[in-house]
Engineer: 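Below you'll find the structure I mean.
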Amino acid sequence: MRRSTLLVALTTTTALALTGCGRDDGGSAGEAAPQTGEAVSTEGLSGELDVWAMGAEGEALPDLVAGFEEAYPEVTVNVTPVPWDSAHDKFVNSISAGTTPDVAMIGTTWMGEFAGMDALDPTPGSIDTTKFFEGAQGTTEVEGTSYGVPWYVETRMVYYRSDIAAAAGFEEVPTDQAGFKEMAAALQEQDGVDWGISLQPGQTGSWQTVVPFAWSGGAEIATEDAYTLDTPETVAAVDYFGSFFTDEIADANPPEGQTEATFTDGSVPMFISGPWMMSIVEDFAAEAGEDSFGEMYDVAPVPAADGGESSSFIGGSNLGVFADTENRDAAWALVDWLTQPETQVEWYDMTSALPSVQSAWEDPALTEDAKLAKFGEELTTAQAPPSFPTWEQVAAAFDAEMEKVAKQGLSGEEALQAAQQQADSIGTGQ
Amino acid sequence: MSLVTGSRRRDPQGTRDATRSRSSRAPGAAREERAGWLLTLPFLLLFAVFTAWPVIQSVFFSVTDITNRDLRTPFQVNFVAVEQYAKAFGDPVFRQAALNTAYFVLIGVPLTMTVALAAAVALNTGITRFRAVYRLGFYTPVITSIVAVAVVWRFLLHPDSGLVNTVLSWVGIDGPNWLGSTTWAMPSLIAMATWRNFGTAMIIFLAGLQSVPQQLHEAAAIDGANAWQRFRNVTVPILRPTILFVSVTTAIGYLQFFEEPFVMTQGGPLNSTISASMYTYQQFSYGNYGYAAALSYLIFLVIAIVTAVQFRFLSDKED
């Protein structure tokens, strides 16, 4: 009994204290922040830099930064590889505990959240932000201020079996959405083809397939301070996406992890994915004894709605400097060095990560590969999702609605009204 | 007590205890009390910092609108009273998650206990020679990593190449896409959870069965009771405390249903396998700490109620 009285007392006291100092509603920190950070000096840099990077990048980065340490002998760079699975939590924990590294690789969709926590240092004006792909640069900007630079990029394109397409009478992939669907239907008529195209029927990340259809029809899924998911353009795109399932051109219940297998054996001759799938499908075919698979497929831009311009999703990772760094000049010097065209080409050779700097794409290493060059082309119009801190949460709600569209035949209008309602109640978090 | 008095005797000058022995209290009692507190201090400190404080803090969080964007300035958050709790009741996904959890508990707990008791009885009476082997075999899933289990079960349940559907096709049944179907995903997870967890309950039942006196069984047999009657009227009443213990622990474990959907289905398809704890975890990872804390307390409350009900109906009333 005594314990519960104490608890009530404690709760009430804190409750009173909390009401007394509510969050300041007007004038968020973002408005006061400068458009660009203070300039940095590269004179006489010294000291140590802690760098966090995820996945394959974390493992390969120590070799790359040896070049930076040669250029600035007084600076030591310590790279900590972080597994992707736990990276987000690790960052949030270190931000709240004040133990952030100096420089880190940051997922593009985390920028809004981390900047919202005041954890990132604004990009100094000395870094030329026009050299990056526009969509990629957009991922670093939160409320008009850039909080990092794009490091490497990727975008999604249509993969299709050129041999099967030729048999069905298609020399090229139609660039309009109606024609594209006709092609998928025609492919399905061919021998040995089960489904015309593989589209992700909802679940995590399916927005990356659906939203490009909307962008390619001129839709905007957010304004500066609100989500706008239920516009007529997006409704049309979601209905278009759903029609592949209702017309049974795409499988609404595909077995997991079969994309490579069904693409190489021709039973599902189209899918939409990023550049990493090139080596995956070629290796998969080579294992099955097909060495010239590279000639049997090609990539094409995401189809556009009438009068629209193809605009895919841009992904990848950014580099950021944390506000708590004690070696700000050296940190930004490292970021600047990592985004020099030469460094980016070297990095591509080491990890196949595509350069975020447009001029790096003029290097023969990238222009020689015709398919890769098409990705470079698609990157110039690719877009990023809104950089609101709550985007991941809204994306999850959107994905859940897309699953209903694919599996239960929900209309685009109903799905997007539900998604918009959830987005409104979640808010932008700014 | 003896230790303290003993040490006093070895203290010839009596300097340190001279004042204390003048007090009215039993000699050394205060000192012993202080030593007691001193010895438990490390635990109390750890408990206070890592258990008590987080519990108190989460109560505060659950009545505020705190998100991860407030972490650096935790005293800038707004007090919202029961708003977070009210939100849970109007949240369609959480309602779905609560229903899924109830489904899992209502089918899973009796199923697990039945299988566990049957296995325990079989091990206790029949196959004596291989008892150790079977006991190990039934218990191994409990200590196997959920990730390894998930990989194997995904193979088994694969709609095209899985063993389950292959066997079904031999008898002419076209098996469903187990994990991809809203009807079958939950039964698949319940089957997996039962297989994985019944070992714990089985071991406890086995210990309980071994304490049933053999004479009682013999006496009942002489009176003409058959095997089922002996089990029903001799074994079960003696096992009653064991059954209560197992049902409480299994129910608590199942109310926190998390790992199976997390690794097998991510809550899908169409949220048909999302559980209350998994939804709470998702809210926490989105940084909605206030809401996640409120959801945790709702789950805690349900566990407390279910446990109370079990004690009310299953405990030995004659005691």
Side-chain angles (χ1 to χ4, degrees), chain A residues 6-7 10-25 28-29 88-89 92-93 95-98 112-119 201-204 251-258 389-394 396-397 399-400 403-404 406-408 418 422 425-427 429-430, chain B residues 55-57 59-81 87 90-93 96 154-155 157-162 165 176-182 185 264-272 274 279 282-291:
Chain A
L6 180 69
L7 210 67
L10 271 171
T11 320
T12 334
T13 334
T14 318
L16 289 171
L18 290 172
T19 8
C21 47
R23 188 190 289 125
D24 188 8
D25 282 329
S28 64
H88 181 263
D89 288 352
V92 172
N93 290 343
I95 290 168
S96 47
E113 184 182 346
F114 295 175
M117 295 164 85
D118 294 332
Q203 297 239 18
T204 311
D251 188 356
N253 268 312
E256 234 178 284
Q258 298 291 301
T390 55
W391 166 248
E392 298 231 358
Q393 202 176 337
V394 169
D399 288 341
E403 192 175 12
K404 291 181 197 162
K407 293 183 177 168
Q408 295 182 323
Q422 292 178 66
S425 85
I426 292 164
Q430 286 177 341
Chain B
V55 166
I56 294 168
Q57 207 173 20
V59 175
F60 293 158
F61 280 4
S62 77
V63 292
T64 67
D65 64 353
I66 189 167
T67 68
N68 56 5
R69 295 177 290 288
D70 303 312
L71 277 183
R72 288 192 155 195
T73 49
F75 289 103
Q76 296 280 303
V77 298
N78 298 308
F79 173 69
V80 297
K87 189 173 154 194
D91 182 338
V93 185
Q96 169 91 54
R154 273 220 285 261
F155 271 126
L157 296 171
H158 191 280
D160 300 329
S161 56
N165 278 359
N177 182 356
W178 295 99
L179 296 170
S181 137
T182 46
M264 295 288 283
T265 60
Q266 288 85 48
L270 292 163
N271 283 341
S272 63
I274 196 167
Y279 187 63
Q282 277 179 359
Q283 289 302 321
F284 193 83
S285 64
Y286 292 141
N288 298 329
Y289 300 148
Y291 190 39

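Below, chains carry the letters A, B, ... as their sequence lines are ordered, and counting in each starts from 1.
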Engineer: Determine the minimum heavy-atom distance between V92(A) and F114(A), stating which atoms define it.
Structural biologist: CG2-CE2, 4.1 Å

Engineer: Does N93(A) have any side-chain contact (heavy atoms from CB on, under 4.5 Å) partners at least two apart in sequence or in another chain, and if so, which?
Structural biologist: none

Engineer: Using the test ring pair (Phe, Tyr, Trp, His ring centres under 6.0 Å), find all partners of H158(B) that sit at least two apart in sequence or belong to another chain.
Structural biologist: none

Engineer: Under a 4.5 Å heavy-atom cutoff, which of Q422(A), H88(A), E403(A), Q203(A) has the most pairs with chain B?
Structural biologist: E403(A)

Engineer: Quick check on the interface: out of D160(B), L270(B), V93(B), who has the most heavy-atom pairs with chain A under 4.5 Å?
Structural biologist: L270(B)

Engineer: Mind telling me whether Y289(B) and F61(B) have parallel, tilted or perpendicular rings, with 30° and 60° as the class edges?
Structural biologist: parallel

Engineer: With a 4.5 angstrom heavy-atom cut-off, which part of P269(B) approaches chain A: side chain, backbone, both or neither?
Structural biologist: both

Engineer: Quick check on S62(B) against chain A: is it the side chain, the backbone, both or neither that has a heavy atom closer than 4.5 Å?
Structural biologist: neither

Engineer: How far apart are the C-alpha atoms of Y286(B) and I426(A), what are their side-chain angles, what is the distance that settles it, and do they pass the side-chain contact (heavy atoms from CB on, under 4.5 Å) test?
Structural biologist: CA-CA 11 Å; Y286(B) 292 141; I426(A) 292 164; over 6 Å; no

Engineer: Side chain, backbone, both or neither: which part of K407(A) has an atom under 4.5 Å from a heavy atom of chain B?
Structural biologist: side chain

Engineer: Where on Q282(B) is there a heavy atom nearer than 4.5 Å to chain A: the side chain, the backbone, both, or neither?
Structural biologist: neither

